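Inspection log for the structure reproduced underneath, given as structure tokens.
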Amino acid sequence: MSERPDNDPAQRVALVTGAAHGIGLGIAERLVQDGWQVVLADLDGPACEQATARLGPATRAMTLDVREEARVREIIQRTEEWHGGLDALVNNAGISDPHSGPLEELELVDWQRWLDTNLTGAFLLAKHALPLLRRRHGAIVNISSTRALQSEPDTEAYAASKGGLDAFTHALAISAGPDVRVNAIRPGWIDTRNPDQQKAGPLSAHDHAQHPAGRVGQPADIAALTAFLLGPDAGFVTGQTWTADGGMTRRMIYTD
């Protein structure tokens with residue numbers, strides 16, 4: 001409950017949503033390596049429990065549907081009970097497949113599901129976490145997508161939700177500052193398959209050639225940037241969206 005100097009890394013506490021797989025799991029792993037206490041939240045409760053069993057005693061798990069405000073409120077309360085406060089919120093939970101089909105065939109309930117999962121969830125978590133984050137001069141990182149700026153056919157709902165998340169990030173940074181820093185990361189093509197799957201189905205030379213960095217991104221890349229944005233070296237950084245796509249957006253190559 002008490003405030004702690006920004007330069008004291010002892011018992012830093014982070015809540016990471018969508019943490020059972022892919023980018024979210026990579027972020028949780030990196031923060032544990034850096035000495036954080038991490039609460040992993042995911043709609044896939046069993047996978048979340050498995051992740052905490054592997055990552056060790058610095059982690060706790062809770063099943064969470066970010067669209068349900070009562071559950072969001074509960075996980076914030078549980079985090080405070082477990083750790084006495086909160087230093088960082090990482091909003092990664094969302095629908096991973098951006099393709100919703102032709103807009104003419106998209107039902108309103110499906111459109112709303114995309115926005116609620118990818119955008120409203122981040123709003124609910126920030127709303128209930130802000131009082132705890134203010135006490136510790138904490139930080140929020142929202143995981144967006146390059147499709148917020150550069151989309152593909154049949155991805156309108158996804159693009160709208162991620163574009164809204166970028167706008168929400170910039171506005172919240174003004175409202176929450178200077179006590180809480182708020183930034184977003186806009187990943188491009190991140191290979192979230194497990195290592196065995198990547199070995200069984202390696203990407204082609206053409207896939208890699210589309211990225212000036214020479215390779216497709218990995219969850220560890222986004223995790224490292226997240227760790228930076230949550231740390232003291234990013235103390236002057238807020239209201240920003242960081243693009244991490246290996247330079248693919250600049251080349252704008254989307255070919256078969």
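In what follows, residues are counted from 1 in the order of the sequence shown. Source: prediction; values computed, not measured.
- The two residues I143 and P187 make their nearest non-hydrogen contact at CG2-CG, 3.8 Å.
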Compile the donor-acceptor pairs under 3.5 Å between side chains in residues 14-21 and protein atoms, sequence neighbours left out, one pair per line.
unit_1 : atom_1 : unit_2 : atom_2 : d
T17    : OG1    : V90    : O      : 3.4
T17    : OG1    : N92    : N      : 3.0
T17    : OG1    : A93    : N      : 3.0
H21    : NE2    : D44    : OD2    : 3.0

Exercise. Kindly indicate, with the supporting measurements, whether the criterion side-chain contact (heavy atoms from CB on, under 4.5 Å) is fulfilled by L89 and L125.
Key: CA-CA 8 Å; L89 169 63; L125 282 152; 4.0 Å; yes

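- The distance from atom CG of L25 to atom CD of Q50, rounded to the nearest 0.5 Å, is 11.0 Å.
- Residues R12 and Q37 are not in side-chain contact: their nearest non-hydrogen atoms beyond the backbone lie 4.5 Å or more apart.
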Practice problem: Please report the C-alpha distance between T238 and V180 in whole Å, then the side-chain angles of each, then the deciding distance to 0.1 Å, and finally whether the side-chain contact (heavy atoms from CB on, under 4.5 Å) criterion is met. | Solution: CA-CA 9 Å; T238 193; V180 179; over 6 Å; no

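- By the criterion of side-chain heavy atoms lying less than 4.5 angstrom apart, applied directly or through intervening Ile, Leu, Val, Met, Phe, Trp or Tyr residues, I222 is grouped together with V237 in one hydrophobic cluster.
- Using a cut-off of 4.0 Å between Lys/Arg side-chain N and Asp/Glu carboxylate O, E80 and R135 are scored as salt-bridged.
- Every residue was checked against the salt bridge (Lys or Arg N to Asp or Glu O under 4.0 Å) condition with R181, not counting sequence neighbours, and none meets it.
- Residue pairs meeting the ring-ring contact (aromatic ring centres under 6.0 Å, His included) criterion with at least one partner in residues 152-203, sequence neighbours excluded, are W189-H211.
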Self-check item: side-chain contact (heavy atoms from CB on, under 4.5 Å) between W82 and V13, intermediate numbers included
Solution: CA-CA 10 Å; W82 287 332; V13 179; over 6 Å; no

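- Taking both residues in full, the closest heavy atoms of A223 and G26 are given as CB-O, 3.4 Å, listed atom of the first, atom of the second, then distance.
- For T169, the side-chain contact (heavy atoms from CB on, under 4.5 Å) partners two or more places apart in sequence, or in a different chain, are N142, V182, A184.
- Looking at residues two or more places apart in sequence or on another chain, you find a side chain to side chain donor-acceptor pair (under 3.5 Å) between T120 and D116.
- Considering all non-hydrogen atoms of both residues, H99 and P153 come closest at CD2-O, 3.8 Å.
- A donor and an acceptor atom, one from each side chain of E69 and H128, are located under 3.5 Å apart.
- Residues satisfying the side-chain contact (heavy atoms from CB on, under 4.5 Å) criterion with E107, sequence neighbours excluded, are V109, D110.
- Atom CD1 of I185 and atom OG1 of T243 lie 10.0 Å apart (nearest 0.5 Å).
- Judged as a salt bridge (Lys or Arg N to Asp or Glu O under 4.0 Å), and not counting sequence neighbours, D154 has no contacts.
- Screening residues 218-227 for side-chain hydrogen bond (donor to acceptor under 3.5 Å, both in side chains) gives Q198-Q218, R215-D221 as the qualifying pairs, with residues at least two apart or on separate chains.
- Residues L133 and W36 do not share a hydrophobic cluster, defined by chaining ILVMFWY side chains whose heavy atoms lie under 4.5 Å apart.
- Minimum heavy-atom separation, D34 to A227: OD2-CB, 3.7 Å.
- Of all heavy-atom pairs between P219 and G22, the closest is CB-O, 3.8 Å.
- Hydrophobic cluster membership is shared by I23 and W242, with clusters built from Ile, Leu, Val, Met, Phe, Trp and Tyr side chains linked at under 4.5 angstrom.
- Take T59 and apply the side-chain contact (heavy atoms from CB on, under 4.5 Å) test, not counting sequence neighbours, and it matches V32, V38, L40, T52, L55.
- In this structure D207 satisfies the salt bridge (Lys or Arg N to Asp or Glu O under 4.0 Å) test with no other residue, sequence neighbours excluded.
- Counting all heavy atoms, side chain and backbone alike, P98 lies closest to S96 at CD-O, 3.2 Å.
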Practice problem: Tell me, with the steps shown, if D87 and R136 meet salt bridge (Lys or Arg N to Asp or Glu O under 4.0 Å). | Solution: CA-CA 6 Å; D87 299 271; R136 292 189 172 183; 2.9 Å; yes

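- Atoms OG and CD, from S161 and E156 in turn, are 11.5 Å apart once rounded to the nearest 0.5 Å.
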Quiz item: Step by step, would you call V39 with H83 a side-chain contact (heavy atoms from CB on, under 4.5 Å)?
Solution: CA-CA 10 Å; V39 178; H83 299 294; 3.9 Å; yes

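- Note on I75 and F123: same hydrophobic cluster, where clusters join Ile, Leu, Val, Met, Phe, Trp and Tyr whose side-chain heavy atoms are under 4.5 Å apart, directly or indirectly.
- Between V72 and L64 the shortest side-chain heavy-atom distance falls below 4.5 Å.
- In the hydrophobic cluster analysis, where Ile, Leu, Val, Met, Phe, Trp and Tyr join through side-chain heavy atoms closer than 4.5 angstrom, I190 is grouped apart from L165.
- R147 CZ to L149 CG: the interatomic distance, rounded to the nearest 0.5 Å, is 12.5 Å.
- A salt bridge links D166 with R186: at least one charged nitrogen is closer than 4.0 Å to a carboxylate oxygen.
- When the salt bridge (Lys or Arg N to Asp or Glu O under 4.0 Å) test is applied to E68, no partner is found at least two apart in sequence or on another chain.
- Between R71 and D65 there is no salt bridge, since none of the side-chain N atoms of the basic residue sits less than 4.0 Å from a carboxylate O of the acidic one.
- Interatomic distance, CG of L130 versus CG of L172, reported as 5.5 Å (0.5 Å rounding).
- Interatomic distance, E49 CD to R54 CZ, rounded to the nearest 0.5 Å: 14.0 Å.
- Listed by chain and residue number, R113, W114, T117, N118 satisfy the side-chain contact (heavy atoms from CB on, under 4.5 Å) test with I95 (two or more places apart in sequence, or in another chain).
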